[in-house]
Structure formats: structure tokens, C-alpha cells
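Reminder, nothing fancy here: chain letters follow the sequence lines and each chain counts from 1. Keep in mind it's a predicted model, so treat the numbers as computed, not measured.
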Amino acid sequence: MVVRMQRVTKRYGDVVALDNVDLTIERGEIVGLLGPNGAGKTTTISGVYGLTRFDAGEVTLFGHPAKRIDPGIKRRMGLVPQDIAVFDDLTAGENVSYFGRLYGLSGRALTEGVSFALEFTGLNERRDQRPKSFSGGMKRRLNIACALAHRPELVILDEPTVGIDPQSRNHILESVRALNRDGTTVIYTSHYMEEVEAVCSRVIVMDHGRVIASGTQSDLKALVSDEETIDIELERMTPRVVEAVRSVAGVKECLPEGTHLRITVERDGVRLGRVIEKATGLGVEVLSAQIERPTLESVFLSLTGRTLRD
Amino acid sequence: MKHAFTVLRYTLLRNVRDIPSSAEMVLSPLVLIFLLGTVLGDAFESRDIGATPVTYVVETDGPYAEALHDFLNREEVGRYLTVTESQTRVEAHRLLEAKEVITAIIVGAVDDGDAQDGGATGPAITLLERPGSSLRTGVVRSVLGTFTRGANVSYALAREGRTGVVYEPIPAEFEERTLSRAGRAPGAFDFYAVSMLVLFVMYIAQYAVYGLREDLMEPIGDRVRSTPIAGWAHISGKLAAHVVTGVIQAAVIVIVTSIVFRANWGTQPLLLVAIVLSICIFAAALGGLVLAITWDGRRAEGIISIVVLVSMILSGGAFQFTTTSPSFQAFQRLLPHYQGQRAILAMVYGGDAGAIGAAFIYFFGGAAILFLITTVLARRTA
Ligand SMILES: Nc1ncnc2c1ncn2[C@@H]1O[C@H](COP(=O)(O)OP(=O)(O)O)[C@@H](O)[C@H]1O
Ligand SMILES: [Mg+2]
């Protein structure tokens, strides 16, 4: 077992950032920590690192209590913080080398580690350039590279793809999978369910500081297997339409999102035609309609009544 | 240790890359020295005390009058006072009005006849002063005060039955004034070069906060804390880099001021470097502590800029003032600027060597204490 958290609680004043969180991460896993902003993902990670003190609960890392993490344990982990943590006035190579040294590398191990990290993140050609001139995606990649030179056994990435172009995002997702294939245990937090779906072997869903579901993707989807999601796009959105659709028998949840309505219904319990009728009956034209298979998004929706982007 | 050195090395590298802001940092004290030196230069001319011309009239005789006569003609006194004797009050007045002397010392017999039994009450001393030269008459008063105190002791001993007690001035009384010893009195540029150098070096605290803030707080702080480096190693590496940068910048200030303003930095460059280094270390540790207490970079910078400025003013770094309140003097000794200025001035103008030793103890000891508290506080996490 790489990480184990038991009944961990953390408060900031009145805000309960973590509420009795239990989780375990096994060696070789690639675990997604999924939840909307403010769910408690970053607080969870900080706790794993001992960067945050908890009000209650126990954390063990590689079998050792995390209260006093000794340097030997820290060397086995690599943290990619949510906010980009690199020096603008050091080159990409120097940044990676600096943190590599702080992780205890020197000599040949350092040179090789730095090359590996830069190569791995596709920054080798940029090695001697400073991040000032980098695009958002390149900075994110450098942010990852700085946690890799010492070849950690456990890599924790906190929202590594926020605000970047699709190409960099794909590069990062692919790198994370490659890391895992080489045996690295990965914790990947995100509020993008597509990413977690694409990368993770197991998912832990968090909301309001609580773990609300955990398991493989098929486990989670099984949770909602008696449901499906209908997405209809309307010419315009009115409260009366939302009301009317909600009143249809078999509709469990109906959420407006711009001009879209996301409707959770009992599987095979509702005819799509019935829903469309309701809308057109109120004089609102339906532009498109789609029945979706269960996704992590719909899992979240059915567990919390909200979408991840709420 | 290896880790601390890594931090030092990379921080220096970053500071070197950031030459423009380094240059800006050095430029501002230079501009201040220039402005203060020019604007307040006149005020300093009168501080070039030299020897103050005085005249004295002795209208009585007896041991006191004789002793005073001897005293005023001593060689040590000659450094402070150029003394001429007048035969009458009228003559003394004339010298005063002709501006040939600044003060006339009149030693007269006490008028009331009742106390006259062999000089038991002593003669009365009157000082006639030319208006607008209070500083110089201050010198005269202080020299005379030395004499009177000594005379009182002699007198008291004589009353005890000892005879032949001769008044000897106590050298320590004079050392208080050595900073502006005749002929080598510092001008405005000399003085402000010192006080602004100390001010600049104390501002290292500010740069230390800036540097530490970036590295201790989110997001880089999280990354650094996730590495195995020990808190003290990281902080000391960081502070050491700012100390090294500060000493180099101080050297630039010293060189530029001695060339451009002809500021006097004395003849012991190594001792000067050592004093500056000790202040730098103290300032860096102070910055670390304030940040560790507030855990808020902006607040820490604000607090330091006020503390540093107030300490400079209370230490007489912006405009010199003399105070006679013993409690205020004791308070001044606690101020870093006071210690720094006093040590550098003592070094340059050959003053009290004890001032330099005291400053070393103050700065190194203080830095050690501040650093200790800082590392304890910096361990805490949110
Ligand atoms: N330093 C802090 N002070 C006060 N509240 C905080 C602090 N850090 C996090 N929180 C609160 O704790 C909750 C969880 O935050 P966080 O772990 O950052 O969520 P996530 O990473 O999932 O977006 C949020 O409500 C957030 O406002
Ligand atoms: Mg977060």
C-alpha cells in the first residue's frame, strides 16, 4: 500500500475541507481524484505530503506514519502542484536540475535524471530557455518535469492540465500513462471527467470534502446503470420548461445548462418523445436531443445532483 | 549543508540574472546620499567643530581659579578650545562682540558675602554666548562640566583632609566626542554615506523577505517542502544568497561614494567589510523572522520598511540629534542602525574601538537568535 488515509478531517474555520476521508492507493495504480473546485482534492494531496496538518485522522505513506515524513520517504515521491511552481529566471534545465538536487541527486544521476525529465515532457529543445517565453502548456510540462528527475515511485499531479491547449493536454495525458506503464504509482486530480476517464484505472469521486464514490470506472458506471442521461438542446430556456420536464414520470433529475437540459431518467422508463412534447407544448422548440451512455459525469450528477462544473 | 549550498548557488544565479533590479537597489541609496548630502550639507558645516575659540576672565583667586586656569591651558583641552585669557569682563565682551570668540567664561566671586570661608562655596561661573552657536557653546559647556565635576571631587577629597590632590581630567569624558574630533570632523557626505549604507544594508531584510516569500509560500513553497531539504538548510541558503548580494552591493556603494562624493571610509577595508557583513546577516535574519511571524509577504515587507526607517531616524541617521536622556540613549543602543553607524564611524574616525566589538556582538548574536526563532516558526504548516 502506497498511501492510506483513515478518517481524515480538516477544517478551515467553518469550512470543512475534508470530512472523514478514507482512501487507499495501491502500488502501480493510476488513481483519479475527481471532483469540482473546492471538493477538497488539493487538501487531500497536501495531507499526503504532510504540507497540511489534519484535525483528525491518520495518514500512512509507504507504510510509515506521515506525521513526520523523513527525507527517504520524500525522495520516493514527486509532487506536481496545482499552481505552476517554477522559477522564471532559471532555464528549463536549471529548474529541473535545481529540484533534482533538492531531491538529493548529484553527479551522473542528476544529469541523467534531468535529461529524462526534459525528454519525457518534450522540453529537451527548450532546455536552455527560460519559462518566461513558454506557452501555458509548456510551463505546465516544465511543472511536471521538475517532479520527475529523481524518478519517484509515486507521482501526484494536482490539476496538471488547467488552462492549456488540447495538444499539450494530450501530451500530458499520454506522459502520465507512460509513467504508469513504467511502474510509477500515480495520483491524478482533476475536475475534468474526460481526463480521469481517459487515464485512470480507478476513480475516487469527491464532493464537499467527502469521498462519495470510489472504484474502477465500470464499478462507478454500474452505480448508475439503472439510469441514463438525455441531453436536449432548446431554442431558449425557460423555468416553465424545466418544471414541465421534471414533472414527467420517470425523470429523476433535470438540470438546465445554458440552452441545454440534462435529464437523468430511469433506464427505459421514459420515452424521449414525451419529453420533447412537453417542451414544444410550451412553445419552446427542441433543436437536438441525445441519449447518453453513463459517464463519470453522469455518475457525479446522480450522486450529487450537480454537474462537475457547477 | 550541501542542500543549503545548492539553494545559495541557484539564488545567486537568479540574482545575477536580475541585474537591472540590483542596479536599481544600489542607485536609490546613492541618490539619497547625494540629496541629503547636498540639502543638509550646510547644517554640517557648523558640525565641523574644530577648536572653539573662547576667552576667560578670572575675577577671583584661590585654588579653584588656579585649577581652572591650568585646566584651560592643558593640551587635551586645546583640541576642543582655543583659549585666550582676558583681564576684565569688558575685554571679554569686546572679543565676543567682535566675534573673535564664541563663548566667554567668567569666573567671579560669589556675591553674597555669607558663604565666603576659604572658597567653600566655590566661585560662580558665567558663560556668555554668542547667539546662534549653541552647538559650539555646547562643546564649551561639556568641557567645563568635565572640569567642574573633577574639581568637585578634588574639593571633596581636600575637605576630607587630603592635600595636594591635583585635578586630572578623565580621558573617557573626552572620548564621547571623538567622532567629530577637531580637524577630522565628518562632512555631510561622509556622514550620510555611512547612515545610508547602514540603511541600505538593513533593507536587505526586505529583499530577504521578498526572496523567502517566493520560496516558502505557495506554490514554490509547496514544491520545496515536498523535497527532502531541511527547513533550516533552505532558509539559510536563501538568506546567505541575499547576504552575499548585499555585501557586493554595499561594496559598490562604498566605491561609488568614495569616488563621486569623496566620502571618507577610513583605511581598513577588511574591517568595513566585516562590519557590513555582520549587519547584512542580521538584516537577513530579521527579514526571515518577520516573514515567519506574519506569514504574509506583503505585511512583512510593510512592517520591515517601517521598522528600518524608524530605527534609522531614532538612531540619528537622517538628521543628527543629541539626547541627554539616559533611558533614550539606552534605547538607542538597541537599534541596529545605531550600532551599525556607531561602529562604522568609530572605525573611520578612530573612535572608541569598543563600539566595533559591541556591534559585532549585537549583530552576530542577534542574527543567531533571530535565525533560531525563524527556523522554528517556518516549520509550521497551514
Ligand atoms: N488555506 C485555506 N484557508 C481556508 N480555506 C481553504 C484553504 N485551503 C482550502 N480551503 C477550502 O477548503 C475547501 C477545499 O479546497 P481544495 O482542497 O483546494 O479543493 P479542490 O482542490 O478540490 O479545488 C474549499 O472550500 C476551500 O475554500
Ligand atoms: Mg485544487
- request: For atom CZ of A:Arg11, decide whether the heavy atoms of other residues, nucleotides or ligands shown that lie under 6.0 angstrom number more than 12.
  value: no
message: Within the 4.5 Å heavy-atom criterion, are B:Tyr10 and A:Glu94 side-chain neighbours or not?
response: yes
message: Please check if the number of heavy atoms outside B:Phe360 that lie under 6.0 Å from its CZ is greater than 12.
response: yes
message: Using a 4.5 angstrom heavy-atom cutoff, name the option from B:Ser226, B:Gly221, B:Ala230 with the most pairs to chain A.
response: B:Ser226
field: Crowding at CD, A:Gln6 (>12 non-hydrogen neighbours, <6.0 Å)
entry: yes
- prompt: Side chain, backbone, both or neither: which part of A:Ile73 has a non-hydrogen atom closer than 4.5 Å to chain B?
  reply: neither
- request: Pick one of side chain, backbone, both or neither for A:Ser46, based on which atoms fall under 4.5 Å of a heavy atom in chain B.
  value: neither
message: Is A:Tyr103 in contact with chain B via its backbone, its side chain, both, or neither, using a 4.5 Å heavy-atom distance?
response: both
A:Arg130, CZ atom: more than 12 neighbouring heavy atoms under 6.0 Å: yes
statement: Note: B:Ile220 and A:Val86 closest approach over all heavy atoms is CD1-O, 3.7 Å
Minimal non-hydrogen separation, A:Pro71 against B:Pro228, with atom names: CB-CB, 3.6 Å
message: So B:Asp215 and A:Phe87, do their side chains get closer than 4.5 Å, heavy atoms only?
response: yes
field: Value rounded to 0.5 Å, distance of CZ in B:Arg14 from OH in A:Tyr98
entry: 7.5 Å
message: Quick check on A:Arg4: does its CZ atom have over 12 non-hydrogen neighbours (other residues, nucleotides or ligands) under 6.0 Å away?
response: no
Spacing of A:Thr91 atom OG1 and B:Leu13 atom CG [to the nearest 0.5 Å]: 8.0 Å
- request: Flag yes if more than 12 heavy atoms outside A:Arg126 fall under 6.0 Å of its CZ atom; otherwise flag no.
  value: no
message: Which atoms of A:Asp70 are under 4.5 Å from chain B, going by heavy atoms: the side chain, the backbone, both sets, or neither?
response: neither
statement: When rounded to the nearest 0.5 Å, the distance separating CG of A:Asp83 from CZ of B:Arg223 is 11.0 Å
query: What distance do B:Thr227 atom OG1 and A:Arg101 atom CZ have between them, rounded to the nearest 0.5 Å?
result: 13.5 Å
- prompt: Highest number of heavy-atom pairs under 4.5 Å with chain B: which of A:Cys146, A:Gly72, A:Ala147?
  reply: A:Cys146
